[in-house]
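Computed over heavy atoms, backbone and side chain alike; hydrogens, waters and symmetry mates excluded. Order of appearance sets the numbers: ligands from 1, and atoms from 1 within every ligand.
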Amino acid sequence: MGKLIGILTAGGDTPGLNAAIRAIGKAAIGVYGMEVIGFRDGFRGLMENRFIDLDSKALSGILTVGGTILGTSRDKPHKMQVGSKIMDMTDVIVDNYHKHHLDALICLGGGGTQKNAYHLHKHGLNIITLPKTIDNDVAGTDVTFGFDTALGIATEAIDRLHSTAHSHHRIIVVEIMGHRAGWLALGAGVSGGADVILIPEIPYDTDVVVESILQRSRAGKNFSIVAIAEGSESKNIHTLRLDLEKKLKETKDLSEQEKIKNDMKDINSLHANNTIRLAKKLEEITGLESRVTILGHLQRGGSPSAADRLLATRLGTAAARLVHEGQFGIMVASKGKKAVPVPLEKIVGKKKTVPLHHPWIESARFVGTCMGDNLKG
Ligand code: F6P
């Protein structure tokens, strides 16, 4: 009998997940004579033993479909909500894996999924992962699938915001996803020609942003597009956060720790309205009317781009080959034109943020984009 593979998709959905499921399945069944099942809703489906057969029929017609046919969740094997309790369900998951006589489990997900999958690998499961997320922040791979599609959507949004901002002489502050990494806002900001791009990697100075908008006004351009990554923060907030993190590390006093944690919560809740506050401030100081557009989950919806379909197909078919070869405890990464196995232990817990001298940042500065700091191109 051929090998049996289980697949699950975990974390936020992204365009390209179905293309990857299809690629794994078609290669596993068609080339290696394996069988494939899919667990529903991430690690929870594996824990609750909810699954479907991924036969040729189920794999057909899904290449271009957005989301994931398996459903997804952010559940963690070792910290799962069960009723009103948070429980470690690792043993149940390990048991279910063995009850199915799985030869491998392929987990499609972002940074959190890599961690959870590695946890299961350490409990003896044959794990392979694929890197997916619109945030493009998974370490060890050049790129993640989902990013290119979201980049296209965010760029088109900036394109469209230009004409309305221009017509009304407004500042439009557009918030772009990306969690704590600036890839999406930077990529879309550069390709959409945003006048200001703010990313978490470069804490911004509001005065510098204001001055760049006023300079545009003085040059006769009475509108501006500010592309802000959802994880961006001002220099002041950034310094406060670093300070608290440092204090938390240093203190052994439990009540002091509690106090610092509460202060951190305050900063986080302040962050929830960061984009709106920034737009208000820019309006107050520049006198230009401001509007906010939060792109939100629009960036994760719909059909994958051609580049994401190609990437997901490349990585998915490589994953089937790696199961055949018996290589486990790895993520299938994209490096140049190749799909290469990277040991999970090397990438888990690491985040790929934008390097400060990345060519996209340098080019943005060279075309006169304000990056929220005082550096110029
Ligand atoms: O990781 C993908 C992502 O879309 C992030 O960009 C964003 O911060 C987060 O997920 C939103 O999560 P949720 O869909 O759970 O609201």
Side-chain angles (χ1 to χ4, degrees), residues 8-20 40-45 66-68 70-76 79-81 86 107-117 129-141 143-158 173-189 197-201 227-233 237 241 267-276 292-305 308 311-312 331 347-354:
L8 62 81
T9 55
D13 68 319
T14 60
L17 278 168
N18 289 326
R40 295 219 184 258
D41 304 331
F43 294 101
R44 179 167 292 275
T68 159
L70 295 176
T72 185
S73 73
R74 295 198 184 275
D75 291 303
K76 302 179 174 85
K79 264 189 199 169
M80 210 175 274
Q81 175 109 30
I86 303 285
C107 306
L108 282 50
T113 304
Q114 311 301 326
K115 242 189 227 168
N116 293 327
T129 66
L130 297 192
K132 73 91 211 161
T133 164
I134 64 163
D135 304 338
N136 195 32
D137 60 354
V138 176
T141 183
V143 67
T144 55
F145 58 86
F147 174 64
D148 183 74
T149 310
L151 182 61
I153 296 168
T155 302
E156 191 188 338
I158 295 178
V173 183
V174 51
E175 184 183 287
I176 296 171
M177 275 188 171
H179 199 227
R180 297 206 181 277
W183 293 105
L184 206 48
L186 176 63
I197 302 176
L198 305 176
I199 58 174
E201 292 82 351
I228 179 167
E230 62 179 352
S232 303
E233 51 190 15
I237 298 283
R241 183 195 299 286
I267 289 192
N268 287 341
S269 56
L270 202 69
H271 188 260
N273 287 319
N274 192 40
T275 303
I276 294 168
V292 170
T293 302
I294 296 180
L295 296 183
H297 293 81
L298 257 185
Q299 295 156 105
R300 293 215 314 241
S303 186
S305 66
D308 274 338
L311 177 61
M331 176 183 81
I347 56 125
V348 158
K350 293 183 185 158
K351 198 177 260 302
K352 187 186 73 180
T353 52
V354 184

Identified side-chain contact (heavy atoms from CB on, under 4.5 Å) counterpart of Val143 within the set Asp148, Asp308, Asn136 = Asn136
Please check if the side chain of Gln299 supplies one atom and the backbone of Ile134 the other of a donor-acceptor pair under 3.5 Å.
-> no
Correct closest heavy-atom pair for Ile199 and Ala185 would be CG2-CB, 4.3 Å
Examine the proximity of ligand 1 to His297 and report which part, side chain or backbone, both or neither, has a heavy atom under 4.0 Å away.
-> side chain
Among Glu230, His179, Arg180, which one has a heavy atom closest to atom 7 (C) of ligand 1?
-> Glu230
Taking the side chain from Thr9 and the backbone from Gly71, do they hold a donor-acceptor pair closer than 3.5 Å?
-> yes
More than 12 heavy atoms of other residues, nucleotides or ligands under 6.0 Å from NZ of Lys79: is that the case?
-> no
State if Gly110 counts as touching ligand 1 under the rule of any non-hydrogen atom under 4.0 Å.
-> no
Any N or O on Gly178 sitting closer than 3.5 Å to an N or O of ligand 1?
-> yes
So which bit of Ile134 gets within less than 4.0 Å of ligand 1, heavy atoms only: side chain, backbone, both or neither?
-> side chain
Per-atom contacts of ligand 1 with Arg300, taking only distances under 4.0 Å to non-hydrogen atoms = 2 (C), 3 (C), 4 (O), 9 (C), 10 (O), 11 (C), 12 (O), 13 (P), 14 (O)
min-distance protein heavy atom vs atom 12 (O) of ligand 1 -> Arg74 NH2, 2.9 Å
Please write down residue, atom name and distance for the protein heavy atom closest to atom 2 (C) of ligand 1.
-> Asp135 OD2, 3.3 Å
Indicate yes or no for a side-chain donor-acceptor contact from His179 to the backbone of Glu230 under 3.5 Å, with no hydrogens or angles considered.
-> no
Output the list of atoms in ligand 1 that are nearer than 4.0 Å to some heavy atom of Met177, sorted by atom number.
-> 4 (O), 6 (O)
Would you indicate whether Lys352, at its atom NZ, is surrounded by more than 12 heavy atoms from other residues, nucleotides or ligands within a distance under 6.0 Å?
-> yes
